[in-house]
Amino acid sequence: MPSAAEMEQRFVAVLVSLQRGEVVSYGDVAEVAGYPRRSRAVGRLLSASPVDVPWWRVVRSDGRLATTPWSEQAALLRSEGVLVRGDRVVASPLGRFRREAAVDG
DNA sequence: CAATTGACGGGTG
DNA sequence: GCACCCGCCAATT
């Protein structure tokens, strides 16, 4: 059984692999890292932000940004070409881990 | 050790 | 959209 540190290390590996304009959900990061249903652990890692990772490319599974209306996240995403309306990501491919686009005007 | 707390996710009405 | 509900799991109290 991998330790919690190992798990977080895997999370980081996935996070740093995200490309510019690529958006994924917390659950996606956990699953791709090999730890399904560890979405909360991903959020906890980012809340601690112990490492240099593109945290702004991680949103909720429904496309909403972080719990609080962090204007910075929206700004960073827009700077990468991601369409953001209010606290929601729209017309985003949600990275290479999500096929659905939930495209809406 | 029990309860609470989150940058979560899905379901129901 | 809103209000609740439950499951989940590491850290904190």
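To find a chain, count down the sequence lines: A is the first, B the second, and so on, and within it residues start at 1.
Residues Y26(A) and L46(A) have side chains in contact (heavy-atom distance under 4.5 Å, counting atoms from C-beta outward).
Taking R44(A) as the reference, E8(A) meet the salt bridge (Lys or Arg N to Asp or Glu O under 4.0 Å) condition, with sequence neighbours excluded. Every residue meeting the side chain to side chain contact (heavy atoms under 4.5 Å, CB included) condition with R64(A), not counting sequence neighbours, appears here in chain and number order: R60(A), D62(A), R88(A). Every residue meeting the salt bridge (Lys or Arg N to Asp or Glu O under 4.0 Å) condition with R57(A), not counting sequence neighbours, appears here in chain and number order: E80(A). Residues that satisfy the side chain to side chain contact (heavy atoms under 4.5 Å, CB included) test with Q73(A), not counting sequence neighbours, are W55(A), W56(A), V59(A), L65(A), A66(A), W70(A), L77(A).
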Each nucleotide in nucleotides 6-13 of chain C should get exactly one letter: B, S or -. Can you fill that in based on protein heavy atoms under 4.0 Å? -BBSSS--
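The C1' atoms of dA7(B) and dC2(C) are separated by 22 Å, rounded to the nearest whole Å.
Protein atom CG of D62(A) is 14 Å distant from nucleotide atom C1' of dC2(C), rounded to whole Å. If you measure from atom CD of E72(A) to atom C1' of dA7(B), you get 13 Å, rounded to the nearest angstrom. Taking atom CZ of R60(A) as the reference point, atom P of dG6(B) lies 13 Å away to the nearest angstrom. Protein atom CG of D28(A) is 15 Å distant from nucleotide atom C1' of dA7(B), rounded to whole Å.
The local environment of CZ in R37(A) is sparse, with at most 12 non-hydrogen atoms from other residues, nucleotides or ligands closer than 6.0 Å.
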